[in-house]
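Just the heavy atoms: all of them, side chains too, but no hydrogens, waters or symmetry mates, feed the values below.
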Amino acid sequence: EQGSAGLDQLSAGDYERFTALNAAYVTRFGFPFIIAVRGRDPRDILAAFEARLGNTIEAERETALAEIERIALFRIKDRMAA
């Protein structure tokens, strides 16, 4: 899924930016950044990283859970289509 979003083809600069944002996110919230990447490109994901770093811990937990639900729904739909 990450490859479909282009995350396996990041430039060195974008890779460093993702790494720095992920470290800041884990430091702030204590859990890894979770996002359903399907239908999103690296710019969308970077923008979400930056925006979500401003969330409260409660808001971010809710957002992360909503993203987990989105990932699960994608996977269920994929299974049903197979």
If hydrophobic clusters are built by linking Ile, Leu, Val, Met, Phe, Trp and Tyr wherever their side-chain heavy atoms come under 4.5 Å apart, do Ile45 and Tyr15 end up in the same one?
yes
Inter-residue atom distance Arg40.CZ - Leu46.CG, 0.5 Å rounding
12.5 Å
Heavy-atom nearest pair, Phe74 first then Ala36, reads CE1-CB, 4.0 Å
Can you name the one residue among Val26, Leu53, Asn22 that meets side-chain contact (heavy atoms from CB on, under 4.5 Å) with Phe33?
Asn22
Taking only residues two or more places apart in sequence, or in another chain, which ones meet Arg61 in a side-chain contact (heavy atoms from CB on, under 4.5 Å)?
Phe31, Ile57
Side chains of Glu67 and Arg52, heavy atoms from C-beta outward: is any pair under 4.5 Å?
yes
How far apart are the closest heavy atoms of Arg38 and Arg70, and which atoms are they?
O-NH2, 3.7 Å
Answer whether the closest heavy-atom distance between the side chains of Pro42 and Leu10 falls below 4.5 Å.
yes
Could you state whether Ile71 and Leu73 fall into the same hydrophobic cluster, counting links through intermediate Ile, Leu, Val, Met, Phe, Trp or Tyr residues with side-chain heavy atoms under 4.5 angstrom apart?
no
What pairs of residues pass the salt bridge (charged side-chain N to carboxylate O under 4.0 Å, His left out) test when at least one of them lies in residues 27-36, not counting sequence neighbours?
none
Applying salt bridge (charged side-chain N to carboxylate O under 4.0 Å, His left out) as the test, list every pair that has at least one member in residues 42-51; sequence neighbours left out.
Arg17-Glu50, Asp41-Arg43
To the nearest 0.5 Å, what is the distance between OG1 (Thr63) and CD1 (Ile68)?
11.0 Å
